[in-house]
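Since the structure is predicted, the reported quantities are computational estimates derived from the model, not experimental observations. Remember, it's 1-based here, ligands and their atoms both numbered in the order they're listed.
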Amino acid sequence: MLDGNERDELLATLGWWVEAGVDTLVDAAPRDWRTPPPRTAAREIPASAPEPELVLRTGAASPANVTATTIAELRHAVEVFEGCPLRTGNVSTVFADGNPEADLMLIGEAPGAQEDRVGLPFVGPAGQLLDRMLSAIGRNRTSAYITNVTFWRPSGNRTPTPAEVETTMPFVRRHIALVRPKAIVALGACAARALTGDVTGIMRLRGQWRTLAVEGADYPLMPTLHPAFLLRQPDAKRLAWADLLAVKAKLDAD
Ligand code: URA
């Protein structure tokens, strides 16, 4: 029998897998994924092997080399950036959409196939739901600014790895510093983790204001559920609705 915490943890883990697009069980028998497999000689990594993360970090943006002072300069810097392995094989660099002067900034995970084709974030089914969510709090793309923590579509729409996201975060932080929104909404677990550094499941992170410090300024950040997750789990829309009402209240109060 599970206690309340274990149940919450399992639900958060399941929610995370569903959000990551895992919807098929591949083993006939259940497996306890929380217990690490026994180490065998074949799994040992030789001490001399380079760390995969260090390889990926080569060529990454750093606060020192993201010097853009306007949105246009930042867009250009992202477009010519070669340090993120995700950019290979994609049609577009998907930078942002909406109004960079808006007081509300929404940050998602990564472009999907339609975003890659069109070159704008959140234009597919999840984006259409996001537009409806914005409209429910009296906003649209002229009164909100939308971007992602990565600018290229991961193959097969998988979730970007932490190492991939790490290469683009200096751009994301500069992006925030240039827009200077009154509130930021992190859409989904990947964006919430990238921005807060907190690996707690999104079901626990959502709905709680955080303070995000970027280049000497503090921004209120609300993690919420990703619209793609809400398309698969419509029952969870009431949670996202509560989060958006909290965002609206904060923006209306200022
Ligand atoms: N999902 C995201 O996180 N971002 C997009 O731009 C589209 C789908």
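Between Asp243 and Trp209 there is no side-chain heavy-atom pair separated by less than 4.5 Å.
There is a side-chain donor-acceptor pair under 3.5 Å between Thr142 and Asn140. Side-chain contact, Thr69 with Glu73: a donor N or O sits under 3.5 Å from an acceptor N or O.
Contact residues for ligand 1 (protein heavy atom closer than 4.0 angstrom to any ligand atom): Gly108, Glu109, Ala110, Pro111, Glu115, Pro121, Phe122, Asn148, His226.
Between Tyr145 and His175, the gap from one ring centroid to the other is short of 6.0 Å.
Screening residues 117-130 for salt bridge (charged side-chain N to carboxylate O under 4.0 Å, His left out), with sequence neighbours left out, gives no hits.
Electrostatic pairing of Asp103 and Lys250 does not count as a salt bridge here, judged by no charged N lying under 4.0 Å from a carboxylate O.
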